[in-house]
Amino acid sequence: MKVKSSYLEVSKTILGQNEFVLIGMDTYKRYDQVSKKYTDEIAGTKYTVVVHNPSKEILYEKLEIKVPGACTIPNYIGGNEVYCKFTNLVLTVSSIEYGKAELRATADKIELVQEK
């Protein structure tokens, strides 16, 4: 059976953790399915985190997690490293090449946590 990789969901346990190191954030624009172009409308915020799970051969990889809506942590200064966690984190496979899967992530909400 063959299915598009974008329809496959991966369990978040592969990441090996529930808290991540936030290293950056940026807005992302809405994609119009009809015209196949990005619009000027801001759809949400894309957070860049670091994932480290040596048992799954994930070594300090960056993961971008899209959260729809306005940024809920306006006091975050880009480039600072802080711990965060996500509510309803969903991972999907966007492509598979040479035995490695490219993951995309979405969540409903981000929350900063106290430093470990």
Side-chain angles (χ1 to χ4, degrees):
M1 176 173 95
K2 292 185 179 181
V3 296
K4 288 186 177 181
S5 60
S6 59
Y7 293 123
L8 299 176
E9 285 190 16
V10 179
S11 169
K12 62 184 175 185
T13 58
I14 195 169
L15 301 179
Q17 59 201 43
N18 289 325
E19 295 179 0
F20 306 95
V21 178
L22 177 64
I23 59 170
M25 62 182 242
D26 198 7
T27 58
Y28 67 93
K29 296 182 179 183
R30 186 167 313 281
Y31 184 76
D32 184 10
Q33 294 289 346
V34 176
S35 67
K36 305 288 187 206
K37 294 182 182 178
Y38 286 97
T39 66
D40 290 335
E41 181 183 353
I42 302 296
T45 306
K46 178 174 47 178
Y47 299 96
T48 305
V49 298
V50 173
V51 179
H52 182 67
N53 185 356
S55 67
K56 303 280 186 176
E57 298 182 16
I58 300 172
L59 304 175
Y60 301 105
E61 292 285 342
K62 288 183 183 178
L63 176 65
E64 292 181 340
I65 302 171
K66 290 184 176 181
V67 177
C71 174
T72 57
I73 53 170
N75 56 344
Y76 172 73
I77 298 171
N80 288 349
E81 294 182 3
V82 295
Y83 288 92
C84 65
K85 62 182 179 178
F86 295 90
T87 304
N88 297 329
L89 179 64
V90 176
L91 300 174
T92 53
V93 178
S94 65
S95 66
I96 300 172
E97 284 186 12
Y98 307 111
K100 297 278 185 175
E102 182 75 27
L103 299 180
R104 293 186 186 226
T106 59
D108 292 339
K109 182 179 163 188
I110 184 173
E111 207 178 307
L112 297 182
V113 295
Q114 296 298 327
E115 204 168 315
K116 291 183 178 183

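For Arg30, the salt bridge (Lys or Arg N to Asp or Glu O under 4.0 Å) partners are Glu41, not counting sequence neighbours. With sequence neighbours left out, the salt bridge (Lys or Arg N to Asp or Glu O under 4.0 Å) criterion links Glu57 to no other residue. With sequence neighbours excluded, no residue satisfies side chain to side chain donor-acceptor pair (under 3.5 Å) with Asp40. With sequence neighbours excluded, no residue forms a side chain to side chain donor-acceptor pair (under 3.5 Å) with Thr87. For Asp32, the side chain to side chain donor-acceptor pair (under 3.5 Å) criterion is met by Ser35, not counting sequence neighbours.
Rounded to the nearest 0.5 Å, atoms OG1 (Thr45) and CD (Glu64) are 12.5 Å apart. Taking NZ of Lys85 as the reference point, atom CD of Glu111 lies at 5.0 Å (rounded to 0.5 Å). Taking CG from Asp108 and CG from Leu89, the interatomic distance works out to 9.5 Å, rounded to the nearest 0.5 Å. With rounding to the nearest 0.5 Å, the separation of CD1 in Ile42 from NZ in Lys29 is 5.5 Å. From Thr106, atom OG1 reaches atom NZ of Lys66 across 9.5 Å, with rounding to the nearest 0.5 Å. Atoms CG and CG, on Leu59 and Asn53 in that order, are 9.0 Å from each other to the nearest 0.5 Å.
Closest heavy-atom contact between Pro68 and Ala107: CD-O, 3.3 Å.
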| request: Would you sort out whether Leu22 and Tyr83 count as a side chain to side chain contact (heavy atoms under 4.5 Å, CB included), showing the intermediate values? | output: CA-CA 6 Å; Leu22 177 64; Tyr83 288 92; over 6 Å; no
| request: Dump the intermediate steps for side chain to side chain contact (heavy atoms under 4.5 Å, CB included) on Val82 and Val21, then the final yes or no. | output: CA-CA 6 Å; Val82 295; Val21 178; over 6 Å; no
| field | Check against side chain to side chain contact (heavy atoms under 4.5 Å, CB included), Val49 and Ile23 | value | CA-CA 6 Å; Val49 298; Ile23 59 170; over 6 Å; no
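In this structure the side chain of Tyr47 never reaches within 4.5 angstrom of the side chain of Phe20, judged on heavy atoms. The shortest side-chain heavy-atom distance between Asn88 and Lys109 does not fall under the 4.5 Å cut-off.
Note on Val67 and Leu112: same hydrophobic cluster, where clusters join Ile, Leu, Val, Met, Phe, Trp and Tyr whose side-chain heavy atoms are under 4.5 Å apart, directly or indirectly. In terms of hydrophobic clustering, with Ile, Leu, Val, Met, Phe, Trp and Tyr side chains grouped at heavy-atom distances under 4.5 Å, Leu103 and Tyr28 are assigned to different clusters.
When hydrophobic side chains of Ile, Leu, Val, Met, Phe, Trp and Tyr are connected at separations under 4.5 Å, Tyr31 ends up clustered with Tyr38.
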